[in-house]
Amino acid sequence: MVGEEGAFVLGWDEVLTEEELSVTLKVLCMSEEEFKEYKEQDGWEDDSEEEENSTLSNELESLSRLKTPCKKLLYDSVLLTLGSYRADLKAEQDLLNNKEAFEKLSRREQQALHVRYGQKRILHQLLELVQ
């Protein structure tokens, strides 16, 4: 469902892999009975009105309207992802704000720091949306 890498792509304002995230959340939040029915039908036929209303839009804020089990799944996934980083958001921000320490980093390390910091900010934004 999520391709080879098993990751979803989120930007500041939108979910870039909206369809994959939406389908994955629906499947992972199904009861055993619902999943059996889903498998027997080779997926959903035409979406019902309820499913249409619960489908994500590309906007990141749409995640705040998810049902509670899906929100919890996303929340726990974000915490797990954040736990895979060596430093937390505050430590990265402190390093970015410390001009002397930042300038001691190689150009590549500086760029990596900016990328990690941006990723963590997006993940923290997602945590707030699905609490």
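Between the OG atom of Ser64 and the CG atom of Leu74 there is a distance of 11.5 Å, given to the nearest 0.5 Å. How far NZ of Lys71 is from SG of Cys29: 12.0 Å, rounded to the nearest 0.5 Å. Interatomic distance, CD of Glu109 versus CZ of Arg116, reported as 8.5 Å (0.5 Å rounding). One finds the CG atom of Leu28 at 9.0 Å from the CZ atom of Phe35 (value rounded to the nearest 0.5 Å). Interatomic distance, NZ of Lys26 versus SG of Cys70, reported as 9.5 Å (0.5 Å rounding).
Taking the side chain as every heavy atom from C-beta outward, Leu113 and Leu96 approach each other to under 4.5 Å. Looking only at side-chain heavy atoms (C-beta outward), Leu21 and Leu63 come within less than 4.5 Å of each other. Here the side chains of Leu16 and Phe8 are not in contact, with every heavy-atom distance at 4.5 Å or above.
Ser77 contributes a side-chain N or O that, together with a main-chain N or O of Leu73, makes up a donor-acceptor pair within less than 3.5 Å. A donor-acceptor pair is defined here as one N or O able to donate and one able to accept, closer than 3.5 Å; no such pair exists between the side chain of Asn98 and the backbone of Asp94. No side-chain donor-acceptor contact under 3.5 Å links Thr17 to the backbone of Glu20. Of the possible donor and acceptor atoms, none in the side chain of Gln41 sits under 3.5 Å from a partner among the backbone N and O of Tyr38.
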Quick one: do Gln119 and Tyr85 satisfy side chain to side chain contact (heavy atoms under 4.5 Å, CB included)? Show the steps, please.
-> CA-CA 10 Å; Gln119 290 171 339; Tyr85 289 99; 2.8 Å; yes
Can you check side chain to side chain contact (heavy atoms under 4.5 Å, CB included) on Glu14 and Leu60, steps first, answer last?
-> CA-CA 4 Å; Glu14 63 184 342; Leu60 199 57; 5.7 Å; no
Working for side chain to side chain contact (heavy atoms under 4.5 Å, CB included), residues Leu95 and Tyr117 | CA-CA 10 Å; Leu95 185 53; Tyr117 180 71; over 6 Å; no
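By the neighbour-count criterion of 12 heavy atoms within 6.0 Å, atom CD of Glu34 is densely surrounded, having more than that number from other residues, nucleotides or ligands.
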Give the table of side-chain donor-acceptor pairs shorter than 3.5 Å for residues 120-131, with sequence neighbours excluded, one pair per line with atom names and distance.
unit_1 : atom_1 : unit_2 : atom_2 : d
Lys120 : NZ     : Ala87  : O      : 2.4
Lys120 : NZ     : Glu92  : OE2    : 2.7
Gln125 : NE2    : Trp12  : O      : 3.3

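A salt bridge links Lys36 with Glu32: at least one charged nitrogen is closer than 4.0 Å to a carboxylate oxygen.
Transitive grouping of hydrophobic side chains (ILVMFWY, heavy atoms separated by less than 4.5 Å) brings Leu79 and Leu10 into a common cluster.
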